[in-house]
A.B. asks: 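This is the structure I want to talk about, given as C-alpha coordinates.
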Amino acid sequence: MQPLVNRENHTYLYRQVADIIRDMQTNGTLRAGERIPSLRQLASTLNISVPTVKQAYEELERIGMVESRPKSGYFLRASLTVNATPRKPRLAAKALPVSRQQLIEQAYNAIHVPGIVPLGICNPVAALPTNKALARIMRRVMSMAGEEAIGYGPFAGFEPLRRQLARRYLDMDMTVDPSQIVITNGAQEALTLALKLVAKPGDIIAVESPCYFGILELIESLGMLAYEIPVCSQEGISVEDVVQALERHPIKACVFSSSITNPMGALIDESTKQQLVALLEEKQVYLIEDDVYGDLYFGESRGIPAQRYAQKGLVLTCSSFSKTAAPSHRVGWLLAPGFAGQAASLKRALSCSSSLLNQWSLSEFIGNGEYDRYLRQLRQVLFVNKERMLACIAEHFVAGTRVSSPAGGAVLWLELPKRLDGNQLFQQALPSGVSSMPGTLFAPSDKYRHCIRLSYGLPWTDKVENAVATLGRLSKGLY
Ligand SMILES: Cc1ncc(COP(=O)(O)O)c(C=O)c1O
(Lines give C-alpha, C1' and ligand atoms only; values in the text may rest on other atoms or scores of the structure.)
Protein backbone atom coordinates (compact mmCIF):
# COMPACT_ATOMS: atom_id res chain seq x y z
CA MET A 1 0.00 0.00 0.00
CA GLN A 2 1.12 3.56 -0.75
CA PRO A 3 1.90 5.77 2.28
CA LEU A 4 -0.95 8.21 2.92
CA VAL A 5 1.28 11.25 2.64
CA ASN A 6 4.29 11.48 0.40
CA ARG A 7 7.02 13.97 1.20
CA GLU A 8 8.55 13.63 -2.28
CA ASN A 9 5.27 14.65 -3.85
CA HIS A 10 5.06 18.25 -5.20
CA THR A 11 1.68 18.73 -3.51
CA TYR A 12 1.94 20.52 -0.15
CA LEU A 13 1.63 18.20 2.85
CA TYR A 14 -1.40 20.05 4.24
CA ARG A 15 -3.13 19.64 0.85
CA GLN A 16 -2.46 15.92 0.97
CA VAL A 17 -4.00 15.83 4.45
CA ALA A 18 -7.07 17.74 3.24
CA ASP A 19 -7.36 15.22 0.38
CA ILE A 20 -7.33 12.33 2.86
CA ILE A 21 -10.33 13.82 4.70
CA ARG A 22 -12.05 14.50 1.38
CA ASP A 23 -11.47 10.86 0.32
CA MET A 24 -12.86 9.65 3.66
CA GLN A 25 -16.00 11.69 2.95
CA THR A 26 -16.30 10.43 -0.62
CA ASN A 27 -15.87 6.75 0.25
CA GLY A 28 -18.26 6.99 3.20
CA THR A 29 -15.69 6.38 5.98
CA LEU A 30 -16.79 9.71 7.45
CA ARG A 31 -20.41 10.81 7.43
CA ALA A 32 -21.98 14.24 7.84
CA GLY A 33 -22.08 15.33 11.47
CA GLU A 34 -19.32 12.94 12.55
CA ARG A 35 -16.19 14.04 14.30
CA ILE A 36 -13.08 13.85 12.16
CA PRO A 37 -9.78 12.62 13.68
CA SER A 38 -8.30 15.04 16.20
CA LEU A 39 -5.27 17.10 15.22
CA ARG A 40 -2.94 15.09 17.43
CA GLN A 41 -4.38 11.74 16.42
CA LEU A 42 -3.97 12.38 12.68
CA ALA A 43 -0.56 14.03 13.09
CA SER A 44 0.70 10.98 14.94
CA THR A 45 -0.88 8.51 12.47
CA LEU A 46 0.66 10.29 9.49
CA ASN A 47 3.89 11.11 11.27
CA ILE A 48 3.63 14.81 10.48
CA SER A 49 3.36 17.94 12.60
CA VAL A 50 0.17 19.11 14.34
CA PRO A 51 0.37 22.58 12.65
CA THR A 52 0.31 20.87 9.22
CA VAL A 53 -2.89 18.99 10.08
CA LYS A 54 -4.31 22.22 11.56
CA GLN A 55 -3.56 24.06 8.31
CA ALA A 56 -5.44 21.34 6.40
CA TYR A 57 -8.45 21.51 8.74
CA GLU A 58 -8.52 25.31 8.52
CA GLU A 59 -8.61 25.09 4.75
CA LEU A 60 -11.47 22.57 4.92
CA GLU A 61 -13.24 24.92 7.32
CA ARG A 62 -12.79 27.87 4.96
CA ILE A 63 -14.44 25.95 2.15
CA GLY A 64 -17.31 24.90 4.41
CA MET A 65 -16.55 21.19 4.49
CA VAL A 66 -15.83 20.92 8.22
CA GLU A 67 -16.71 23.04 11.22
CA SER A 68 -14.80 23.45 14.46
CA ARG A 69 -16.78 23.24 17.67
CA PRO A 70 -15.23 24.77 20.77
CA LYS A 71 -13.67 22.14 23.04
CA SER A 72 -15.08 19.32 20.88
CA GLY A 73 -12.91 19.29 17.76
CA TYR A 74 -13.68 19.31 14.04
CA PHE A 75 -16.86 17.85 12.51
CA LEU A 76 -17.84 17.01 8.97
CA ARG A 77 -20.65 19.26 7.79
CA ALA A 78 -23.63 18.03 5.81
CA SER A 79 -22.38 17.22 2.32
CA LEU A 80 -22.30 20.45 0.38
CA THR A 81 -20.60 19.18 -2.70
CA VAL A 82 -22.64 18.72 -5.84
CA ASN A 83 -21.81 15.23 -6.96
CA ALA A 84 -23.17 15.34 -10.48
CA THR A 85 -20.88 16.67 -13.21
CA PRO A 86 -22.20 18.03 -16.54
CA ARG A 87 -23.22 15.45 -19.12
CA LYS A 88 -21.16 14.97 -22.27
CA PRO A 89 -23.10 16.16 -25.33
CA ARG A 90 -23.44 14.07 -28.50
CA LEU A 91 -21.16 14.58 -31.52
CA ALA A 92 -22.54 17.36 -33.72
CA ALA A 93 -24.38 16.51 -36.94
CA LYS A 94 -22.81 19.30 -38.97
CA ALA A 95 -20.50 22.31 -38.93
CA LEU A 96 -22.22 25.63 -38.28
CA PRO A 97 -21.58 29.28 -38.98
CA VAL A 98 -21.08 31.25 -35.76
CA SER A 99 -23.23 34.19 -34.74
CA ARG A 100 -22.44 35.18 -31.20
CA GLN A 101 -20.93 38.69 -31.43
CA GLN A 102 -23.97 40.55 -30.10
CA LEU A 103 -24.40 38.42 -27.01
CA ILE A 104 -20.65 38.51 -26.32
CA GLU A 105 -20.80 42.30 -26.40
CA GLN A 106 -23.66 42.36 -23.88
CA ALA A 107 -21.85 39.98 -21.54
CA TYR A 108 -18.61 42.01 -21.78
CA ASN A 109 -20.44 45.28 -21.13
CA ALA A 110 -21.88 43.78 -17.94
CA ILE A 111 -18.40 43.03 -16.62
CA HIS A 112 -17.41 46.69 -16.76
CA VAL A 113 -20.42 48.06 -14.86
CA PRO A 114 -18.92 49.77 -11.76
CA GLY A 115 -19.43 47.79 -8.55
CA ILE A 116 -20.55 44.60 -10.30
CA VAL A 117 -19.30 41.23 -9.01
CA PRO A 118 -17.70 39.98 -12.23
CA LEU A 119 -18.39 36.25 -12.03
CA GLY A 120 -18.73 36.35 -15.81
CA ILE A 121 -15.14 37.13 -16.71
CA CYS A 122 -12.26 34.75 -16.25
CA ASN A 123 -9.43 36.83 -14.85
CA PRO A 124 -7.51 34.55 -12.45
CA VAL A 125 -4.88 37.22 -11.73
CA ALA A 126 -7.59 39.29 -9.98
CA ALA A 127 -7.56 36.64 -7.23
CA LEU A 128 -4.00 37.65 -6.37
CA PRO A 129 -3.14 40.90 -8.15
CA THR A 130 0.35 41.45 -9.52
CA ASN A 131 0.06 45.22 -10.01
CA LYS A 132 2.46 46.21 -7.22
CA ALA A 133 5.19 43.80 -8.28
CA LEU A 134 4.83 44.72 -11.95
CA ALA A 135 4.74 48.48 -11.21
CA ARG A 136 8.04 48.16 -9.32
CA ILE A 137 9.58 46.17 -12.16
CA MET A 138 8.26 48.55 -14.83
CA ARG A 139 9.78 51.54 -13.07
CA ARG A 140 13.12 49.73 -12.98
CA VAL A 141 12.88 48.82 -16.66
CA MET A 142 12.00 52.39 -17.59
CA SER A 143 15.00 53.79 -15.82
CA MET A 144 17.34 51.03 -17.00
CA ALA A 145 16.28 51.06 -20.65
CA GLY A 146 15.67 54.80 -20.99
CA GLU A 147 14.26 55.86 -24.35
CA GLU A 148 14.48 52.33 -25.78
CA ALA A 149 11.65 51.21 -23.47
CA ILE A 150 9.13 53.43 -25.23
CA GLY A 151 10.26 52.63 -28.76
CA TYR A 152 9.12 49.98 -31.24
CA GLY A 153 10.38 46.57 -30.26
CA PRO A 154 11.52 43.85 -32.66
CA PHE A 155 8.54 42.61 -34.74
CA ALA A 156 8.78 39.00 -33.61
CA GLY A 157 9.30 39.98 -29.98
CA PHE A 158 11.80 40.92 -27.28
CA GLU A 159 14.70 38.50 -27.63
CA PRO A 160 15.32 37.85 -23.88
CA LEU A 161 11.63 36.99 -23.40
CA ARG A 162 11.67 34.59 -26.35
CA ARG A 163 14.75 32.91 -24.88
CA GLN A 164 13.08 32.64 -21.48
CA LEU A 165 10.03 31.04 -23.04
CA ALA A 166 12.27 28.56 -24.86
CA ARG A 167 13.95 27.70 -21.53
CA ARG A 168 10.58 27.15 -19.88
CA TYR A 169 9.68 24.69 -22.66
CA LEU A 170 12.85 22.78 -21.82
CA ASP A 171 11.27 22.02 -18.41
CA MET A 172 8.42 20.42 -20.37
CA ASP A 173 10.90 18.20 -22.21
CA MET A 174 10.71 20.32 -25.38
CA THR A 175 13.65 21.74 -27.29
CA VAL A 176 12.50 25.03 -28.76
CA ASP A 177 14.51 27.46 -30.84
CA PRO A 178 13.62 31.01 -29.65
CA SER A 179 13.40 32.09 -33.30
CA GLN A 180 10.36 29.82 -33.67
CA ILE A 181 8.44 31.93 -31.12
CA VAL A 182 6.54 35.04 -32.22
CA ILE A 183 5.37 37.36 -29.43
CA THR A 184 1.77 38.46 -29.94
CA ASN A 185 -0.86 40.72 -28.40
CA GLY A 186 -2.25 38.10 -26.05
CA ALA A 187 -3.27 34.57 -26.96
CA GLN A 188 -6.14 35.98 -28.99
CA GLU A 189 -3.72 37.38 -31.58
CA ALA A 190 -1.73 34.13 -31.53
CA LEU A 191 -4.96 32.23 -32.30
CA THR A 192 -5.75 34.73 -35.06
CA LEU A 193 -2.34 34.25 -36.67
CA ALA A 194 -2.62 30.47 -36.36
CA LEU A 195 -6.07 30.30 -37.96
CA LYS A 196 -5.10 32.68 -40.74
CA LEU A 197 -1.95 30.66 -41.45
CA VAL A 198 -3.71 27.33 -41.87
CA ALA A 199 -7.28 28.03 -42.99
CA LYS A 200 -9.38 30.33 -45.13
CA PRO A 201 -12.98 31.60 -45.09
CA GLY A 202 -15.46 28.75 -45.51
CA ASP A 203 -13.14 26.12 -43.98
CA ILE A 204 -14.38 23.91 -41.16
CA ILE A 205 -12.62 24.27 -37.82
CA ALA A 206 -13.21 21.64 -35.12
CA VAL A 207 -13.62 23.20 -31.67
CA GLU A 208 -14.28 21.91 -28.19
CA SER A 209 -17.90 21.91 -27.10
CA PRO A 210 -18.40 23.86 -24.87
CA CYS A 211 -15.71 26.17 -26.22
CA TYR A 212 -14.21 29.48 -25.07
CA PHE A 213 -16.35 32.08 -26.86
CA GLY A 214 -13.34 34.18 -27.98
CA ILE A 215 -12.38 31.32 -30.31
CA LEU A 216 -15.93 31.17 -31.68
CA GLU A 217 -15.97 34.93 -32.21
CA LEU A 218 -12.69 34.68 -34.07
CA ILE A 219 -14.04 31.90 -36.31
CA GLU A 220 -17.10 34.07 -36.92
CA SER A 221 -15.00 37.10 -37.87
CA LEU A 222 -12.83 35.01 -40.24
CA GLY A 223 -15.92 33.57 -42.00
CA MET A 224 -15.06 29.98 -41.09
CA LEU A 225 -17.43 27.27 -39.80
CA ALA A 226 -17.23 25.61 -36.39
CA TYR A 227 -17.69 21.90 -35.82
CA GLU A 228 -18.32 20.94 -32.17
CA ILE A 229 -16.40 18.05 -30.59
CA PRO A 230 -17.90 17.25 -27.16
CA VAL A 231 -15.79 17.74 -24.05
CA CYS A 232 -16.32 15.27 -21.22
CA SER A 233 -16.04 16.98 -17.83
CA GLN A 234 -13.37 14.54 -16.66
CA GLU A 235 -11.39 13.41 -19.70
CA GLY A 236 -11.86 16.28 -22.12
CA ILE A 237 -11.80 15.41 -25.82
CA SER A 238 -12.05 11.78 -26.91
CA VAL A 239 -9.88 10.53 -29.76
CA GLU A 240 -12.76 8.33 -31.03
CA ASP A 241 -14.95 11.43 -31.45
CA VAL A 242 -12.21 13.14 -33.46
CA VAL A 243 -11.79 10.01 -35.63
CA GLN A 244 -15.52 10.02 -36.42
CA ALA A 245 -15.58 13.77 -37.04
CA LEU A 246 -12.66 13.51 -39.50
CA GLU A 247 -14.38 10.65 -41.33
CA ARG A 248 -17.58 12.63 -41.82
CA HIS A 249 -16.42 16.22 -42.35
CA PRO A 250 -13.60 17.90 -44.29
CA ILE A 251 -12.05 19.48 -41.18
CA LYS A 252 -9.15 21.79 -41.93
CA ALA A 253 -7.88 22.39 -38.39
CA CYS A 254 -8.74 21.63 -34.78
CA VAL A 255 -8.52 24.26 -32.05
CA PHE A 256 -8.15 22.38 -28.76
CA SER A 257 -6.78 23.16 -25.31
CA SER A 258 -3.30 21.92 -24.50
CA SER A 259 -4.24 20.57 -21.11
CA ILE A 260 -7.00 22.43 -19.20
CA THR A 261 -10.14 23.33 -21.11
CA ASN A 262 -12.26 26.49 -20.74
CA PRO A 263 -15.08 26.44 -19.62
CA MET A 264 -15.18 22.78 -18.49
CA GLY A 265 -11.82 22.70 -16.70
CA ALA A 266 -11.29 19.15 -18.00
CA LEU A 267 -7.77 17.78 -18.09
CA ILE A 268 -6.53 16.28 -21.34
CA ASP A 269 -4.13 13.50 -20.51
CA GLU A 270 -0.81 12.95 -22.22
CA SER A 271 -1.73 9.73 -24.01
CA THR A 272 -4.84 11.37 -25.53
CA LYS A 273 -2.65 14.22 -26.78
CA GLN A 274 -0.13 11.81 -28.25
CA GLN A 275 -2.84 9.85 -30.06
CA LEU A 276 -4.48 13.05 -31.28
CA VAL A 277 -1.27 14.38 -32.77
CA ALA A 278 -0.56 11.03 -34.47
CA LEU A 279 -4.11 10.94 -35.91
CA LEU A 280 -4.08 14.55 -37.12
CA GLU A 281 -0.63 14.16 -38.68
CA GLU A 282 -1.79 11.04 -40.51
CA LYS A 283 -4.84 12.93 -41.87
CA GLN A 284 -2.85 16.13 -42.59
CA VAL A 285 -5.07 18.21 -40.30
CA TYR A 286 -3.61 21.13 -38.35
CA LEU A 287 -3.81 21.31 -34.56
CA ILE A 288 -3.96 24.77 -33.03
CA GLU A 289 -3.52 24.30 -29.29
CA ASP A 290 -4.43 26.86 -26.67
CA ASP A 291 -2.31 26.64 -23.53
CA VAL A 292 -3.38 29.75 -21.58
CA TYR A 293 -4.43 27.72 -18.50
CA GLY A 294 -1.54 25.23 -18.58
CA ASP A 295 0.21 26.73 -15.55
CA LEU A 296 -2.96 26.89 -13.44
CA TYR A 297 -3.18 23.16 -12.68
CA PHE A 298 -4.38 21.76 -9.34
CA GLY A 299 -2.69 18.40 -9.73
CA GLU A 300 0.93 17.51 -9.30
CA SER A 301 2.42 18.93 -12.43
CA ARG A 302 1.80 20.87 -15.57
CA GLY A 303 0.40 19.25 -18.71
CA ILE A 304 2.78 19.14 -21.67
CA PRO A 305 1.75 20.92 -24.89
CA ALA A 306 0.81 18.67 -27.82
CA GLN A 307 3.70 20.37 -29.68
CA ARG A 308 5.99 18.03 -27.73
CA TYR A 309 4.63 15.08 -29.73
CA ALA A 310 4.56 16.80 -33.16
CA GLN A 311 6.79 15.57 -35.95
CA LYS A 312 5.44 17.20 -39.09
CA GLY A 313 5.13 20.90 -38.23
CA LEU A 314 1.32 20.76 -38.18
CA VAL A 315 0.91 21.85 -34.54
CA LEU A 316 0.71 25.54 -33.64
CA THR A 317 0.88 26.42 -29.93
CA CYS A 318 -0.79 29.58 -28.62
CA SER A 319 -0.42 30.96 -25.13
CA SER A 320 -0.09 34.15 -23.09
CA PHE A 321 0.59 35.73 -19.71
CA SER A 322 -3.00 36.99 -19.48
CA LYS A 323 -4.14 34.31 -17.03
CA THR A 324 -0.91 34.13 -15.07
CA ALA A 325 0.52 37.65 -14.79
CA ALA A 326 -1.34 40.57 -16.42
CA PRO A 327 -4.12 40.48 -19.01
CA SER A 328 -3.70 44.21 -19.68
CA HIS A 329 -0.10 43.67 -20.82
CA ARG A 330 -1.44 41.84 -23.87
CA VAL A 331 1.63 39.65 -24.16
CA GLY A 332 1.17 36.22 -25.65
CA TRP A 333 3.02 34.06 -28.13
CA LEU A 334 2.76 31.63 -30.98
CA LEU A 335 5.12 28.70 -31.23
CA ALA A 336 4.75 27.27 -34.71
CA PRO A 337 7.97 25.58 -35.92
CA GLY A 338 6.38 24.82 -39.28
CA PHE A 339 5.44 28.46 -39.86
CA ALA A 340 8.01 30.60 -38.01
CA GLY A 341 8.87 32.99 -40.88
CA GLN A 342 5.29 33.33 -42.13
CA ALA A 343 3.98 33.88 -38.60
CA ALA A 344 6.45 36.72 -37.99
CA SER A 345 5.50 38.44 -41.28
CA LEU A 346 1.79 38.10 -40.57
CA LYS A 347 2.25 39.48 -37.05
CA ARG A 348 4.08 42.48 -38.53
CA ALA A 349 1.32 43.04 -41.05
CA LEU A 350 -1.44 42.82 -38.45
CA SER A 351 -0.07 44.78 -35.50
CA CYS A 352 3.58 45.63 -36.11
CA SER A 353 4.96 44.51 -32.74
CA SER A 354 3.77 44.04 -29.16
CA SER A 355 4.50 46.49 -26.34
CA LEU A 356 8.22 46.37 -25.66
CA LEU A 357 7.86 47.78 -22.15
CA ASN A 358 5.37 45.07 -21.20
CA GLN A 359 7.49 42.30 -22.69
CA TRP A 360 10.60 43.63 -20.95
CA SER A 361 8.81 43.82 -17.58
CA LEU A 362 7.50 40.29 -17.87
CA SER A 363 10.93 39.09 -18.85
CA GLU A 364 12.34 40.64 -15.64
CA PHE A 365 9.43 39.20 -13.61
CA ILE A 366 10.34 35.72 -14.88
CA GLY A 367 14.08 36.25 -14.72
CA ASN A 368 14.19 37.25 -11.05
CA GLY A 369 12.17 34.18 -9.98
CA GLU A 370 9.09 36.13 -8.88
CA TYR A 371 6.87 34.71 -11.60
CA ASP A 372 7.27 31.08 -10.52
CA ARG A 373 6.80 31.98 -6.85
CA TYR A 374 3.69 33.91 -7.82
CA LEU A 375 2.29 30.99 -9.85
CA ARG A 376 2.64 28.66 -6.88
CA GLN A 377 0.62 31.04 -4.70
CA LEU A 378 -1.95 31.75 -7.38
CA ARG A 379 -2.66 28.04 -7.87
CA GLN A 380 -3.29 27.67 -4.15
CA VAL A 381 -5.62 30.67 -3.96
CA LEU A 382 -7.58 29.47 -6.99
CA PHE A 383 -7.90 25.97 -5.59
CA VAL A 384 -9.37 27.24 -2.32
CA ASN A 385 -11.69 29.63 -4.19
CA LYS A 386 -12.90 26.76 -6.35
CA GLU A 387 -13.81 24.70 -3.29
CA ARG A 388 -15.60 27.67 -1.72
CA MET A 389 -17.60 28.36 -4.83
CA LEU A 390 -18.56 24.69 -5.19
CA ALA A 391 -19.80 24.71 -1.60
CA CYS A 392 -21.81 27.91 -2.22
CA ILE A 393 -23.37 26.47 -5.38
CA ALA A 394 -24.35 23.27 -3.59
CA GLU A 395 -25.99 25.31 -0.87
CA HIS A 396 -27.90 27.82 -2.97
CA PHE A 397 -28.61 26.56 -6.49
CA VAL A 398 -31.73 24.81 -7.68
CA ALA A 399 -31.82 21.03 -7.19
CA GLY A 400 -30.64 19.15 -10.25
CA THR A 401 -27.78 21.56 -10.98
CA ARG A 402 -24.69 19.78 -12.26
CA VAL A 403 -21.30 21.39 -11.89
CA SER A 404 -17.86 20.72 -13.31
CA SER A 405 -14.97 19.64 -11.16
CA PRO A 406 -12.09 21.53 -12.79
CA ALA A 407 -8.57 20.17 -12.77
CA GLY A 408 -7.27 23.74 -12.99
CA GLY A 409 -8.07 27.19 -14.35
CA ALA A 410 -10.52 29.59 -12.76
CA VAL A 411 -14.05 28.75 -13.91
CA LEU A 412 -16.92 26.42 -13.10
CA TRP A 413 -19.39 25.21 -15.72
CA LEU A 414 -22.93 24.76 -14.44
CA GLU A 415 -25.59 22.71 -16.17
CA LEU A 416 -28.93 23.83 -14.75
CA PRO A 417 -32.16 21.85 -15.15
CA LYS A 418 -33.12 21.88 -18.85
CA ARG A 419 -36.06 24.27 -18.56
CA LEU A 420 -33.89 27.08 -17.11
CA ASP A 421 -32.43 29.72 -19.38
CA GLY A 422 -28.88 30.97 -18.68
CA ASN A 423 -29.52 34.18 -20.68
CA GLN A 424 -32.52 34.97 -18.51
CA LEU A 425 -30.53 34.29 -15.36
CA PHE A 426 -27.77 36.59 -16.67
CA GLN A 427 -30.29 39.41 -17.33
CA GLN A 428 -32.08 38.95 -14.02
CA ALA A 429 -28.90 39.03 -11.95
CA LEU A 430 -27.56 42.27 -13.47
CA PRO A 431 -29.77 44.65 -11.44
CA SER A 432 -28.49 42.87 -8.29
CA GLY A 433 -24.92 43.66 -9.34
CA VAL A 434 -23.90 40.16 -10.44
CA SER A 435 -22.52 39.19 -13.85
CA SER A 436 -22.39 35.62 -15.12
CA MET A 437 -21.59 34.17 -18.55
CA PRO A 438 -24.58 32.61 -20.34
CA GLY A 439 -23.96 29.12 -21.71
CA THR A 440 -25.23 30.08 -25.18
CA LEU A 441 -21.93 31.86 -25.80
CA PHE A 442 -19.97 28.64 -25.63
CA ALA A 443 -21.17 26.92 -28.82
CA PRO A 444 -22.37 27.83 -32.30
CA SER A 445 -25.45 25.66 -31.64
CA ASP A 446 -28.02 26.41 -28.97
CA LYS A 447 -27.35 23.37 -26.82
CA TYR A 448 -26.04 25.24 -23.75
CA ARG A 449 -28.98 27.61 -23.22
CA HIS A 450 -29.53 26.08 -19.75
CA CYS A 451 -25.87 26.44 -18.74
CA ILE A 452 -23.75 29.22 -17.24
CA ARG A 453 -20.06 29.75 -16.54
CA LEU A 454 -18.91 31.30 -13.26
CA SER A 455 -15.42 32.48 -12.44
CA TYR A 456 -13.74 32.03 -9.06
CA GLY A 457 -10.77 34.10 -10.22
CA LEU A 458 -11.37 36.95 -7.78
CA PRO A 459 -10.53 37.75 -4.17
CA TRP A 460 -12.99 35.73 -2.08
CA THR A 461 -15.21 38.02 0.02
CA ASP A 462 -18.70 38.01 1.54
CA LYS A 463 -19.79 40.05 -1.46
CA VAL A 464 -18.73 37.24 -3.79
CA GLU A 465 -20.44 34.65 -1.62
CA ASN A 466 -23.64 36.73 -1.65
CA ALA A 467 -23.39 37.09 -5.43
CA VAL A 468 -23.30 33.30 -5.86
CA ALA A 469 -26.21 33.01 -3.40
CA THR A 470 -28.16 35.61 -5.45
CA LEU A 471 -27.66 33.63 -8.64
CA GLY A 472 -28.71 30.47 -6.81
CA ARG A 473 -31.86 32.13 -5.47
CA LEU A 474 -32.73 33.41 -8.94
CA SER A 475 -32.17 29.93 -10.39
CA LYS A 476 -34.76 28.60 -7.95
CA GLY A 477 -37.17 31.39 -8.89
CA LEU A 478 -36.87 30.60 -12.59
CA TYR A 479 -37.54 26.91 -12.07
C1 LIG B 1 -9.16 29.55 -23.54
C2 LIG B 1 -8.74 30.95 -23.80
N3 LIG B 1 -7.96 31.21 -24.86
C4 LIG B 1 -7.56 32.45 -25.15
C5 LIG B 1 -7.94 33.52 -24.38
C6 LIG B 1 -7.48 34.90 -24.76
O7 LIG B 1 -6.34 35.20 -24.02
P8 LIG B 1 -5.63 36.62 -24.12
O9 LIG B 1 -6.29 37.52 -23.14
O10 LIG B 1 -4.21 36.33 -23.81
O11 LIG B 1 -5.80 37.13 -25.52
C12 LIG B 1 -8.75 33.31 -23.27
C13 LIG B 1 -9.20 34.43 -22.45
O14 LIG B 1 -10.17 34.36 -21.72
C15 LIG B 1 -9.17 31.99 -22.97
O16 LIG B 1 -9.94 31.72 -21.93
Side-chain angles (χ1 to χ4, degrees), residues 100 104-105 107-108 111-112 118-127 130 157 161 165 181-195 205-222 226 229 231 236-237 253-268 287-297 303 305-306 316-335 347 350-351 354-355 358-359 362 382 404 406-413 435-437 439 441-443 453-458:
R100 289 285 175 264
I104 291 176
E105 207 161 298
Y108 266 134
I111 289 152
H112 296 293
L119 302 180
I121 186 139
C122 178
N123 177 14
V125 173
T130 50
L161 181 61
L165 289 171
I181 297 174
V182 174
I183 302 290
T184 57
N185 293 322
Q188 194 67 17
E189 191 181 45
L191 289 161
T192 311
L193 295 181
L195 271 172
I205 311 299
V207 295
E208 290 164 356
S209 177
C211 170
Y212 163 58
F213 51 83
I215 292 172
L216 295 176
E217 192 177 24
L218 185 56
I219 290 176
E220 178 174 357
S221 75
L222 295 174
I229 308 263
V231 174
I237 291 284
C254 299
V255 182
F256 294 158
S257 306
S258 298
S259 52
I260 294 160
T261 69
N262 171 13
M264 196 63 91
L267 183 72
I268 310 203
L287 173 60
I288 298 173
E289 62 171 336
D290 183 340
D291 198 21
V292 289
Y293 295 104
D295 281 316
L296 301 183
Y297 54 91
L316 299 89
T317 308
C318 304
S319 195
S320 78
F321 292 105
S322 302
K323 308 297 174 186
T324 54
S328 75
H329 272 39
R330 309 306 304 137
V331 176
W333 65 95
L334 172 66
L335 166 63
K347 157 72 186 170
L350 289 183
S351 60
S354 296
S355 157
N358 293 350
Q359 294 179 66
L362 286 169
L382 291 174
S404 60
V411 291
L412 291 175
W413 179 248
S435 93
S436 56
M437 226 15 126
L441 288 180
F442 296 85
R453 189 194 76 174
L454 299 181
S455 165
Y456 48 84
L458 22 69

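Read the numbers this way: they start at 1 and go in the same order the structure lists the ligands and their atoms.
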A.B. asks: For atom 7 (O) of ligand 1, what is the closest protein heavy atom, and at what distance to 0.1 Å?
C.D. replies: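 Atom 7 (O) of ligand 1 sits closest to the protein heavy atom Ala187 CB, 3.6 Å.
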A.B. asks: Any chance you could measure Glu217, atom CD, to Tyr212, atom OH, to the nearest 0.5 Å?
C.D. replies: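 Rounded to the nearest 0.5 Å, the CD-OH separation comes out at 8.0 Å.
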A.B. asks: Would you say ligand 1 has an N or O under 3.5 Å from any N or O of Glu189?
C.D. replies: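 Glu189 vs ligand 1: no N/O contact under 3.5 Å.
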A.B. asks: Looking at ligand 1, would Tyr293 count as a contact under a 4.0 Å heavy-atom criterion?
C.D. replies: yes
A.B. asks: Any N/O of Ser322 closer than 3.5 Å to an N/O of ligand 1?
C.D. replies: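 Yes, Ser322 has an N/O under 3.5 Å of an N/O on ligand 1.
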A.B. asks: What are the atoms of ligand 1, with element, lying closer than 4.0 Å to any heavy atom of Ser320?
C.D. replies: 10 (O)
A.B. asks: Heavy-atom contacts with Val292 under 4.0 Å: which atoms of ligand 1 show up? List them by number with element.
C.D. replies: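 Heavy-atom distances to Val292 below 4.0 Å select 1 (C), 2 (C), 3 (N), 15 (C).
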A.B. asks: Are Arg100 and Glu220 ion-paired here, with the side-chain N under 4.0 Å from a carboxylate O?
C.D. replies: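 No, this pair does not count.
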A.B. asks: So Phe442 and Trp413, would you call those rings parallel, tilted or perpendicular, with 30° and 60° as cut-offs?
C.D. replies: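 Rings of Phe442 and Trp413: perpendicular, as their planes differ by over 60°.
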A.B. asks: Among all protein heavy atoms, pick the one closest to atom 1 (C) of ligand 1 and tell me residue, atom and distance.
C.D. replies: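 Its nearest protein heavy-atom neighbour is Asp290 OD2, 3.3 Å.
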A.B. asks: Quick check on contacts: which atoms of ligand 1 are under 4.0 angstrom from a heavy atom of Gly186?
C.D. replies: 10 (O), 11 (O)
A.B. asks: Compare all side-chain heavy atoms of Val292 with those of Ser322 and state whether any distance is below 4.5 angstrom.
C.D. replies: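 In short, these two side chains do not touch, never coming nearer than 4.5 Å.
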A.B. asks: Within this structure, what is the OG-NZ distance for the pair Ser354 and Lys347, rounded to the nearest 0.5 Å?
C.D. replies: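 Answer rounded to 0.5 Å: 3.0 Å.
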A.B. asks: With nothing but distance in play, are any N or O atoms of Cys122 less than 3.5 Å from an N or O of ligand 1?
C.D. replies: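 The answer is no, given that Cys122 and ligand 1 share no N or O pair closer than 3.5 Å.
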A.B. asks: Write out the residue and atom name of the closest protein heavy atom to atom 9 (O) of ligand 1, then the distance separating them to 0.1 Å.
C.D. replies: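 Going atom by atom, the protein heavy atom closest to atom 9 (O) of ligand 1 ends up being Arg330 NH1, 3.0 Å.
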A.B. asks: In Å, rounded to the nearest 0.5 Å, how long is the span from CG of Asp290 to CD1 of Ile260?
C.D. replies: 11.5 Å
A.B. asks: Closest approach of Glu289 and Ser258, non-hydrogen atoms and distance?
C.D. replies: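 Smallest interatomic distance, heavy atoms only, reads OE1-OG, 2.7 Å.
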A.B. asks: Specify the protein heavy atom at minimum distance from atom 13 (C) of ligand 1: its residue, its atom name, and the distance to 0.1 Å.
C.D. replies: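 For atom 13 (C) of ligand 1, the nearest protein heavy atom comes out as Lys323 NZ, 3.0 Å.
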A.B. asks: Quick check on contacts: which atoms of ligand 1 are under 4.0 angstrom from a heavy atom of Asn262?
C.D. replies: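 Listed by number with element: 1 (C), 15 (C), 16 (O).
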A.B. asks: Say whether, by atom type as modelled, one donor and one acceptor occur between the side chain of Thr184 and the main chain of Gly186 under 3.5 angstrom.
C.D. replies: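 Yes, because the side chain of Thr184 sits within donor-acceptor range (under 3.5 Å) of the backbone of Gly186.
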A.B. asks: With a 4.5 Å limit on heavy-atom distance, are the side chains of Cys254 and Ile229 in contact?
C.D. replies: no
A.B. asks: What protein heavy atom sits nearest atom 5 (C) of ligand 1, and how far away is it?
C.D. replies: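 Scanning the protein heavy atoms, the shortest distance from atom 5 (C) of ligand 1 goes to Tyr212 CE2, 3.4 Å.
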